[in-house]
Amino acid sequence: MTARPISETVASLMPRAKAELAELVAFRSVADPAQFPRSECEAAAGWVADALRAEDFQDVALLDTPDGTQSVYGYLPGPAGAPTVLLYAHYDVQPPLDESAWISPPFELTERDGRWFGRGAADCKGGFIMHLLALRALKANGGVPVSVKVIAEGSEEQGTGGLEQYAEAHPELLAADTIVIGDTGNFRVGLPTVTATLRGMTMLRVQLDTLEGNLHSGQFGGAAPDALAAMIQLLASLRAEDGTTTVDGLTADAEWDGLQYPEDEFRQDAKVLDGVGLIGTGTVADRVWARPAVTVIGIDCPPVVGATPSLQASARAQISLRVPPGQDAAEATRLLTAHLESHAPWGARVTVEQVGQGQPFRADITSPAYTSMAEAMRLAYPGEEMQASGMGGSIPLCNTLAALYPQAEILLIGLSEPEAQIHAVNESVSPEELERLSVAEALFLRNYAESKKG
């Protein structure tokens, strides 16, 4: 097999892909109406649905999921007897954080230094464009040899589980022989990589209450219990002195057996400041792929500007705990909740609310579909062999699909390599990676169809 006709077609389609990605990035589709209007997500969903209809997809629908968001579904029938492949992406995005820290506007796709910048460019609006490119290349070179289902989720970044719940209630909808999750990424640019494991997650909000109301810090400070000080002490209990996660009862010593992540490369990818050390023990791969990791992702407290000399009566924080394969997210939630309740100082009243949860995932990279993907990546990335890595992030839908369709093979690929800076300011996508992965996906679909014949 040669990749040339497919690769030439994809190359010719890249200007169109850039224009389409620019249109999609322009929607401020953060699935949180407290931050951006719901209409932004609805408009993005409509754009995705129109794009599927333009590619002759049937049964295109906006699915109203239980969390109040919409997922977009479409079906493209293939030749008689062909296997069915489900292609996944999500059109919702993380909030832009501090828009003033972006070099170019977050919702305006901007080319700079050979990359395309914009929120969602890699995670995961670019993943949807990757699917379109692969299908268009196949159409131009003999046709799509498999039946294709596409599902574009509308609330993946919020972790609210809308699509998981919808799929469980409509199990026939997403049934497929193989599922391609286009929401991970290569270990680094130019190195074709499938993701073998995902950490799960749990998200909790904890509130501490110590006083009936705020007090003057001069009149009462030193004896009255300050809720913000209590929160600082409670959050500090979640880490050891070296930064290792220390949730009571939660094991944090597993080791990663596979592709390693050199510390100097990790420091560069994470943009760690000179003189600042990494946290935790073990290899970097151990820490980011095989062990739990707690992160305080938000605290409600007075900002510095306008602060008054007051003791705080209440404080609230949001905590994310990444859960590695081999551990149960529900049990991790129970342990984290118990830890927070037992470590609050001074008898502070503790309220814990769960706002999200997803199980870790481990793929079977010895399955036939991975053999087809390895050959496709070998052709799309000349001179490189497919690698398998872990990923510290979470995609809760993977476990839902694995439970609903235990015979289906699940592959994880995508555009979120380290330079993409997903979830951070100045997110970007490499157009070369978009092009090569689109070629790889097209070749995979062709390889997979051939492998299923006879």
Side-chain angles (χ1 to χ4, degrees), residues 82-89 127 130-131 134 146-149 151 156 163-164 167-168 171 174-187 191-201 254-261 285-286 288-291 322-329 358-381 384-414 416 437 440-441 443-453:
T84 298
V85 177
L86 174 67
L87 304 179
Y88 167 91
M130 175 184 73
H131 294 327
V146 297
S147 293
V148 176
K149 294 180 179 180
I151 188 72
E156 192 275 342
L163 181 55
E164 293 101 281
E168 289 168 348
L174 303 182
D177 298 289
T178 283
I179 299 166
V180 179
I181 304 291
D183 191 26
T184 60
N186 287 344
F187 182 67
L191 184 65
T193 311
V194 292
T195 301
T197 64
L198 297 167
R199 287 193 292 195
M201 57 80 68
E255 297 180 351
W256 175 263
D257 181 18
L259 181 69
Q260 292 298 309
Y261 203 153
D286 294 340
V288 299
W289 297 336
R291 296 179 181 176
R322 298 292 179 170
V323 183
Q327 296 186 359
D328 177 68
Q359 292 290 353
F361 176 77
R362 186 184 302 275
D364 178 11
I365 61 173
T366 65
S367 65
Y370 278 89
T371 301
S372 295
M373 181 61 80
E375 176 60 24
M377 286 186 160
R378 188 177 299 115
L379 293 171
Y381 290 79
E384 297 289 350
E385 293 292 325
M386 183 183 81
Q387 303 293 316
S389 73
M391 181 176 173
S394 306
I395 306 177
L397 181 65
C398 285
N399 287 90
T400 300
L401 297 177
L404 289 174
Y405 319 118
Q407 303 305 314
E409 302 175 66
I410 300 178
L411 298 92
L412 297 102
I413 63 173
S416 300
L437 281 169
E441 183 167 278
L443 293 174
F444 161 74
L445 294 174
R446 185 178 285 177
N447 291 348
Y448 184 66
E450 286 295 324
S451 73
K452 291 296 182 178
K453 289 181 178 179

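Since the model is a prediction, treat every value here as computed from it, not as a measurement.
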Note, [X] side chain near [Y] side chain (heavy atom, < 4.5 Å):
{"X": "Pro360", "Y": "Thr197", "result": "no"}
{"X": "Trp256", "Y": "Tyr261", "result": "no"}
{"X": "Met201", "Y": "Val323", "result": "no"}
{"X": "Glu156", "Y": "Leu163", "result": "no"}
{"X": "Thr178", "Y": "Leu86", "result": "no"}
{"X": "Phe361", "Y": "Ile395", "result": "no"}
{"X": "Arg199", "Y": "Met391", "result": "no"}
{"X": "Val194", "Y": "Met373", "result": "yes"}

Self-check item: For Phe444, ring pair (Phe, Tyr, Trp, His ring centres under 6.0 Å) partners two or more places apart
Solution: Tyr448

Closest approach of [X] to [Y] (non-hydrogen atoms, all atoms of both residues):
{"X": "Ala380", "Y": "Leu443", "answer": "N-CD1, 4.4 Å"}
{"X": "Val146", "Y": "Pro83", "answer": "CB-O, 3.4 Å"}
{"X": "Glu441", "Y": "Ala134", "answer": "OE2-CB, 3.6 Å"}
{"X": "Glu164", "Y": "Pro396", "answer": "OE2-CB, 3.3 Å"}
{"X": "Tyr88", "Y": "Leu397", "answer": "CE1-CD2, 3.3 Å"}
{"X": "Ser451", "Y": "Ser372", "answer": "OG-OG, 4.1 Å"}

Quiz item: Sequence neighbours excluded, which residues qualify as side-chain contact (heavy atoms from CB on, under 4.5 Å) partners of Pro192?
Solution: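 In terms of side-chain contact (heavy atoms from CB on, under 4.5 Å), with neighbours along the sequence ignored, Pro192 is linked to Met377, Tyr381, Glu384.
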
Nearest 0.5 Å, please: how far is [atom2] in [Y] from [atom1] in [X]?
{"X": "Leu87", "Y": "Met130", "atom1": "CG", "atom2": "CE", "value": "8.0 Å"}
{"X": "Tyr405", "Y": "Thr84", "atom1": "OH", "atom2": "OG1", "value": "11.5 Å"}
{"X": "Glu409", "Y": "Ile179", "atom1": "CD", "atom2": "CD1", "value": "10.0 Å"}

Do the side chain of [X] and the main chain of [Y] share a donor and acceptor less than 3.5 angstrom apart?
{"X": "Ser394", "Y": "Gly200", "result": "yes"}
{"X": "Gln260", "Y": "Gly258", "result": "yes"}
{"X": "Thr193", "Y": "Leu191", "result": "yes"}
{"X": "Gln359", "Y": "Asn399", "result": "no"}
{"X": "Asp183", "Y": "Ala89", "result": "no"}
{"X": "Thr184", "Y": "Ile413", "result": "yes"}
{"X": "Lys452", "Y": "Ala82", "result": "no"}

Quiz item: Given Ile410 and Ile181, is the side chain to side chain contact (heavy atoms under 4.5 Å, CB included) satisfied, shown in steps?
Solution: CA-CA 7 Å; Ile410 300 178; Ile181 304 291; 4.0 Å; yes

Self-check item: From CA spacing to verdict: side chain to side chain contact (heavy atoms under 4.5 Å, CB included), Leu412, Cys398
Solution: CA-CA 9 Å; Leu412 297 102; Cys398 285; 3.8 Å; yes

Quiz item: Yes or no on side chain to side chain contact (heavy atoms under 4.5 Å, CB included) for Glu168 and Thr400, after CA distance, side-chain angles and deciding distance?
Solution: CA-CA 8 Å; Glu168 289 168 348; Thr400 300; 3.9 Å; yes

Self-check item: Worked verdict on Met386 versus Glu375 for side chain to side chain contact (heavy atoms under 4.5 Å, CB included)
Solution: CA-CA 8 Å; Met386 183 183 81; Glu375 176 60 24; over 6 Å; no

